[in-house]
Amino acid sequence: NVFYVSGSVIDMATFSGAHVYTLNGTDPEGDPVTYGLTYEAGSRRYFSVDGNLGNVTLIEELDREKEDEIEVIVSISDGLSTVSEKVRILVTDANDESPEFINTPYTVQVPENSPSGSSIFKIEAVDRDTGSGGSITYFLQNIHANKFTIDRHSGVLRIKSGVTLDYEKSRTHFVVVVAKDGGGKLRGDNKVFSATTTVTVNVEDVQDTPPMFIGTPYYGYVYEDTLAGSEVLAVVALDGDRRKPNRRSQLQLRRKYSLITVLPLYFVQASEVSPEGDVSAYAFAVVTIRVVDLNNHPPTFYGESSPQNRFELTMYEHPPEGEILRGLKITVNDSDQGANAKFNLRLVGPGGIFRVVPQTVLNEAQVTIIVENSAAIDYEKFKGLTFKLLAIEVNTPEKFSSTADVAIRLLDTNDNVPKFSSDYYIARIPENSPGGSNVVAVTATDPDSGLWGEVKYSIYGTGADLFLIHPLTGIIYTQPWAVLDAEVNSKYNFYVKAEDTDGKYSLAEAFITVLDVNDHSPEFNENIQEKTMIIGSPVKIEAIDQDAEEPNNIVDYSIMQADPANVFDIDQSTGEIKLKSYIRSLDIIHNITKNKDCIWSLVVQAKDRGSPSFSTTAVLKIDITEETLHKGPMAAFLMQTKDNPMKALGVLAGVMGIMVLITIMISTAMFWRNKRSNKIMPVRRIIKKRQTQQSRTVRMEWLKFKRPSNAAEKFVVEDDAKSLQNENSNNNVQAAPVPPAAPLPPPPPALAASRNTAVWRVPTVSGSLTPKFINKQLKKRGHSSAHNALVSELKMKFEKRNAAMGEPHI
């Protein structure tokens with residue numbers, strides 16, 4: 001094992017549990033190692049080590065002043081062998097010690113005639129720390145009040161320069177001395193420690209003081225009724241140098257006791273006499289005699305010039321709190337002296353409104369009354385306030401007292417806002433009420449007096465247009481022209497304002513409900529209605545009542561007339577009409593009535609539930625049929641629209657519009673395509689062929705019964721571009737061309753006809769014999785402009801030719 005450990009230095013300010021060192025060791029064979037710490041027998045354990053990591057931790061705080069070196073045995077082991085080594089740990093100093101005074105307590109005897117600036121004592125303190133933490137400086141507390149000073153380095157205590165000691169004034173002085181170290185680190189912070197001690201300086205007396213009186217100043221007292229010549233007090237004088245009397249000559253202290261008679265002021269002299277009888281020193285004392293008062297006068301209240309027991313004041317209500325009632329001039333006096341003239345003042349009456357100052361008086365004072373509760377000084381509650389001002393002695397057995405009445409008359413101010421009897425007013429009025437009808441009366445009161453108590457009313461808001469309010473009575477009524485209609489608006493709300501003459505106001509809210517009156521009768525959308533009823537399914541008829549509220553707008557239905565009357569039932573509430581339960585087929589209906597078309601007429605009544613009640617009737621024509629057997633959307637649509645033909649026409653018009661639009665689009669596309677091409681399509685030219693002359697009868701029979709075997713034989717189409725194309729290439733024909741001869745039609749059937757009958761020829765034009773339903777569809781769809789022009793032109797040529805030949809038109 002290889003183990004590296006050296007001597008360590010540890011700061012003693014390190015706290016317990018701190019990591020202070022890390023042991024480092026290796027094993028040549030690469031095996032893991034463990035660490036250990038041991039101590040010699042009897043040694044204190046300051047450290048512990050983590051066996052795996054080698055971290056050394058402080059487990060007990062260090063103190064350099066007790067132990068500045070610590071020896072530990074450090075070991076490392078790989079499990080088979082162990083290596084140990086002794087390590088010496090040096091503990092460095094931290095500033096953890098305070099200075100300590102030695103040889104305490106300190107008591108110093110100093111003669112009172114010691115010169116100023118002389119040294120009287122040396123103070124010494126030690127600090128076991130090293131460095132700056134062990135250096136000490138001295139200073140005094142309350143240095144300005146002290147008669148002493150101290151050298152900050154040596155600790156020598158001296159009398160201040162220019163200061164003398166006087167035994168007769170102060171025999172003992174207590175001097176507080178502070179010793180402070182130079183400071184140092186402690187757990188990372190800079191710490192400065194100090195200590196204090198008290199030095200007792202006793203001043204010794206010397207012979208330098210004349211006689212002095214004992215118990216001065218002298219005060220005596222005598223009752224005001226004491227007789228002249230009565231003893232009042234005794235005075236005593238002593239030599240001032242009592243500790244060290246004058247030994248150069250025998251001192252006789254003449255203690256002179258003087259009896260003082262009743263005089264306002266008296267002087268007493270004490271003299272110090274030597275054995276030879278000479279007066280070496282003397283002193284004077286003043287004796288004050290006080291004539292003691294007897295309690296023979298009660299407190300008395302005064303006005304501006306004489307005693308007075310009633311005071312009056314007029315003031316406005318609600319003065320500011322803290323305001324002084326300056327209209328009252330009150331003085332209170334007790335002619336006695338001392339404690340006999342001490343008395344208390346207080347107000348007797350409604351509490352918490354005023355307070356009196358001062359509350360305790362000696363001899364005489366000006367009485368001040370101050371407002372304490374402004375809200376309680378209310379004219380509306382009290383027109384006036386009355387108090388008693390009481391003065392009663394405090395410390396006398398007689399407890400003399402006196403009272404004075406204080407009457408305050410209040411004047412009103414506009415301090416109240418009009419107040420409504422309710423924050424909300426709810427009213428109801430029928431909708432048929434005439435204009436000017438009263439709705440509700442609001443009330444607001446203002447307790448102020450005079451004009452300030454008069455209230456005027458007004459209303460405003462979006463719902464106030466139809467209403468007015470009487471400004472004095474507060475009655476809300478409708479405008480003369482107002483027409484209330486619950487069906488238009490049944491709720492109105494607006495604000496009511498109550499205002500006094502000074503502009504102070506309050507608001508209330510009015511909610512007015514217009515009550516519905518049954519003024520509308522039920523109405524059917526049509527008076528005569530037609531409906532189709534499928535057996536098993538009901539039909540519904542509906543009437544609307546425009547009234548706003550129930551039961552005026554609830555409609556009941558009934559069948560007033562039906563022939564016969566036992567075929568239909570109607571639901572009173574919904575208006576659904578259905579066949580009686582026994583009618584399940586048209587056969588049953590045919591057995592009931594001779595009306596084979598199954599269309600019945602009913603008179604249905606719709607009646608509301610209002611009072612009075614209104615009703616109306618409608619005629620309902622019902623076409624009864626059975627459920628169709630056809631299925632599919634078209635059948636369903638036809639059945640649904642049977643009672644509503646306009647709906648069917650609308651749908652058909654929509655379909656036809658779509659077809660016309662498609663036809664226009666196709667025709668336009670073909671027109672533009674052909675316009676860009678020089679080639680005329682075969683369908684662009686139609687050549688009419690003339691038929692052979694036949695009898696009129698034969699032609700009619702052929703048209704009625706015979707069709708050609710090949711429809712193409714009727715038409716011959718030639719590509720004659722010159723005859724159809726004009727100079728502008730727009731296919732407008734300018735002159736009627738002569739049509740070529742048409743091939744003969746197939747032979748007609750043999751009919752018995754007269755040979756002498758004139759033959760009637762039927763000329764044909766291509767496209768003129770199309771089926772009728774196709775022509776209708778083409779008319780609905782429309783044609784393109786080119787196609788219509790071509791057909792019209794051919795038709796016109798055909799008619800001109802027939803007119804020229806005298807043949808009838810088809």
Side-chain angles (χ1 to χ4, degrees), residues 9-18 20 44 46 58-70 89-112 114-167 169-204:
V9 177
I10 298 177
D11 189 351
M12 65 166 288
T14 306
F15 56 88
S16 178
V20 297
R44 179 174 291 182
Y46 287 99
L58 182 67
I59 62 176
E60 186 174 344
E61 291 189 356
L62 303 175
D63 190 349
R64 188 199 63 82
E65 286 74 27
K66 294 181 180 179
E67 192 171 1
D68 59 354
E69 290 186 5
I70 302 172
I89 300 174
L90 301 179
V91 180
T92 61
D93 188 30
N95 188 25
D96 63 337
E97 296 290 338
S98 299
E100 294 181 2
F101 291 95
I102 59 177
N103 300 325
T104 57
Y106 300 127
T107 302
V108 183
Q109 303 295 329
V110 181
E112 64 176 338
S114 298
S116 60
S118 60
S119 300
I120 61 174
F121 191 71
K122 183 177 181 180
I123 300 166
E124 189 176 356
V126 295
D127 192 324
R128 294 189 295 171
D129 291 321
T130 62
S132 63
S135 63
I136 298 176
T137 56
Y138 304 90
F139 60 92
L140 300 181
Q141 287 185 352
N142 301 324
I143 187 170
H144 297 292
N146 262 318
K147 292 187 176 184
F148 305 93
T149 183
I150 192 171
D151 187 279
R152 59 183 289 110
H153 298 293
S154 63
V156 175
L157 187 66
R158 294 183 175 88
I159 300 175
K160 268 186 181 180
S161 178
V163 175
T164 59
L165 303 180
D166 190 347
Y167 174 84
K169 293 182 179 179
S170 178
R171 299 179 184 182
T172 304
H173 298 273
F174 298 99
V175 181
V176 180
V177 181
V178 180
K180 182 178 69 172
D181 63 18
K185 293 290 184 179
L186 178 63
R187 294 188 177 89
D189 295 328
N190 190 30
K191 295 290 186 179
V192 177
F193 293 97
S194 63
T196 61
T197 188
T198 301
V199 179
T200 303
V201 180
N202 294 322
V203 180
E204 294 181 345

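What you are looking at is a predicted structure, and each value in this text was computed from that prediction instead of being measured.
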Solution key, residues 141-151 side-chain donor-acceptor pairs under 3.5 Å, sequence neighbours excluded:
from	atom 1	to	atom 2	distance (Å)
N146	ND2	Q141	O	2.9
N146	ND2	N142	O	3.3
D151	OD1	H153	N	3.0
D151	OD1	S154	N	2.8
D151	OD1	S154	OG	3.0

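Within the 3.5 Å criterion, the main-chain N or O of A125 finds a donor-acceptor partner in the side chain of Y138.
Y106 approaches N103 most closely through the heavy-atom pair CE2-O, 3.2 Å. Residues V163 and S116 share a closest heavy-atom pair of O-CB, 3.1 Å. Across all non-hydrogen atoms, the minimal contact from V156 to S119 is CG1-OG, 3.5 Å. Closest of all the heavy-atom pairs between P115 and I159 is O-CD1, 3.8 Å.
More than 12 heavy-atom neighbours from other residues, nucleotides or ligands sit within 6.0 angstrom of NZ on K160.
Under the ring-ring contact (aromatic ring centres under 6.0 Å, His included) criterion, F101 pairs with no residue at all, not counting sequence neighbours. Scanning for ring-ring contact (aromatic ring centres under 6.0 Å, His included) contacts around F193 gives an empty result, with sequence neighbours left out.
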- [ ] Could you walk me through whether V176 and F174 pass side-chain contact (heavy atoms from CB on, under 4.5 Å), step by step?
- [x] CA-CA 7 Å; V176 180; F174 298 99; 5.9 Å; no
- [ ] Give the C-alpha distance, both sets of side-chain angles, the deciding distance and a yes or no for side-chain contact (heavy atoms from CB on, under 4.5 Å) between T107 and N202.
- [x] CA-CA 7 Å; T107 302; N202 294 322; 3.6 Å; yes
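Residues L165 and H173 are in side-chain contact: their nearest non-hydrogen atoms beyond the backbone lie under 4.5 Å apart. T172 has its side chain within reach of T200: a pair of non-hydrogen atoms, C-beta onward, lies under 4.5 Å apart.
Rounded to the nearest 0.5 Å, atoms CD (E100) and CD (E124) are 12.5 Å apart. Rounding to the nearest 0.5 Å places OG of S135 at 6.5 Å from CG of D181. The line from CD1 of I89 to CD of E69 is 10.5 Å long, rounded to the nearest 0.5 Å.
For the side-chain contact (heavy atoms from CB on, under 4.5 Å) with V175, the qualifying choice from V108, I123, L140, I120 is L140, the only one to do so.
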